[in-house]
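Below is one structure, written out as structure tokens; comments come after it.
So that the names make sense, note that chain A is the first sequence line, chain B the second, and so on, each numbered from 1. These values consider heavy atoms only, across backbone and side chains, with no hydrogens, waters or symmetry-generated copies.
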Amino acid sequence: GENVEQHPSTLSVQEGDSAVIKCTYSDSASNYFPWYKQELGKRPQLIIDIRSNVGEKKDQRIAVTLNKTAKHFSLHITETQPEDSAVYFCASSSYNTDKLIFGTGTRLQVFP
Amino acid sequence: DTAVSQTPKYLVTQMGNDKSIKCEQNLGHDTMYWYKQDSKKFLKIMFSYNNKELIINETVPNRFSPKSPDKAHLNLHINSLELGDSAVYFCASSPGLARAGLEQYFGPGTRLTVT
């Protein structure tokens, strides 16, 4: 069935450094790849998304890249700040299913 | 002016009891979802409804019964609660079906603890 693998499960960086989280999907029909951020005790919230007809998208300090051939997509956060500390989830959906499949999450800790 | 709201926020109950969680969205969305987030933070779809019709039932035990009285509300009733049901349950909504690649808006979650 559909599956999204996410790595690493935890990531610790120094404030100002970059952080990269990687995901791999299995369904070749996948065409939508959102990233959600969940702060401690809060709800998941969309931070950026990318569609299969685009290779890269950037929004200020965050960017997402997609490699359809390898079925990989990644989240890049530059100049990390303590408020970036949260659990990040990648996800994917396809044009022939009606569910969003989430990765297992990455706990990012940014140390001042 | 909360977009997606859930009640209650916390629910502590004993094994064998029956409980309900309510969800409402004021975004005018057509599609609503229930997700379960376990202690390891895995987010898993349970159900989705589109305009009050069941779209996804992700092999959830039939002790769980969703009900959508109208497209703004999706409730979750759980019978004969078990220890393994302890989790945070999130309601979410989106303008249309997941296949359209649309943002999902999550509610604040309901932390269910079964003792």
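At a threshold of 4.5 Å between side-chain heavy atoms, the hydrophobic network of Ile, Leu, Val, Met, Phe, Trp and Tyr places B:Phe106 and B:Met32 in two separate groups. Residues B:Met46 and B:Leu81 share a single hydrophobic cluster, defined by chaining ILVMFWY side chains whose heavy atoms lie under 4.5 Å apart. Grouping the Ile, Leu, Val, Met, Phe, Trp and Tyr side chains by contacts below 4.5 angstrom, directly or via other members, places A:Ile47 with A:Leu108. Placement of B:Val4 and B:Leu97 in two distinct hydrophobic clusters is found when ILVMFWY residues are connected by side-chain heavy-atom separations under 4.5 Å, directly or transitively. Hydrophobic clustering (ILVMFWY, side-chain heavy atoms < 4.5 Å, transitive): B:Met15 and B:Val12 are in distinct clusters.
Per-residue heavy-atom pair counts under 4.5 Å with chain A were compared for B:Ile45, B:Ile55, B:Leu102, and the maximum is reached by B:Leu102. For the set B:Ala98, B:Ala100, B:Gly109, the count of heavy-atom pairs under 4.5 angstrom toward chain A peaks at B:Ala98.
Contact annotation for B:Ala92: neither backbone nor side-chain heavy atoms come within less than 4.5 Å of a heavy atom of chain A. Interface remark: B:Ile56 contributes side-chain atoms only to the contact with chain A (heavy atom separation under 4.5 Å). A:Pro34 does not touch chain B: none of its heavy atoms, backbone or side chain, sits under 4.5 Å away.
In the displayed structure, B:Lys22 atom NZ is contacted under 6.0 Å by at most 12 heavy atoms of other residues, nucleotides or ligands. No more than 12 heavy atoms of other residues, nucleotides or ligands lie within 6.0 Å of CG in A:Leu40, so this atom counts as exposed by the packing criterion.
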Between chain B and chain A, identify every pair of one donor and one acceptor N or O atom lying under 3.5 Å apart.
| unit_1 | atom_1 | unit_2 | atom_2 | d |
| --- | --- | --- | --- | --- |
| B:Gln37 | OE1 | A:Gln38 | NE2 | 3.0 |
| B:Gln37 | NE2 | A:Gln38 | OE1 | 2.8 |
| B:Glu58 | OE1 | A:Lys99 | NZ | 3.1 |
| B:Glu58 | OE2 | A:Lys99 | NZ | 2.7 |
| B:Ala98 | O | A:Ser93 | OG | 3.4 |
| B:Arg99 | N | A:Asp98 | OD1 | 3.3 |
| B:Arg99 | NE | A:Asp98 | OD1 | 3.0 |
| B:Arg99 | NE | A:Asp98 | OD2 | 3.2 |
| B:Arg99 | NH2 | A:Asp98 | OD2 | 3.0 |
| B:Gly101 | O | A:Arg51 | NH1 | 2.9 |
| B:Gly101 | O | A:Arg51 | NH2 | 2.7 |
| B:Gln104 | N | A:Tyr36 | OH | 2.9 |
| B:Gln104 | O | A:Tyr36 | OH | 3.3 |
| B:Phe106 | O | A:Arg43 | NH1 | 2.9 |

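Taking every heavy atom of both residues into account, A:Phe102 and B:Leu43 meet most closely at CB-O, 3.8 Å. In terms of heavy atoms, A:Pro44 sits closest to B:Phe90 at CD-CE2, 3.8 Å.
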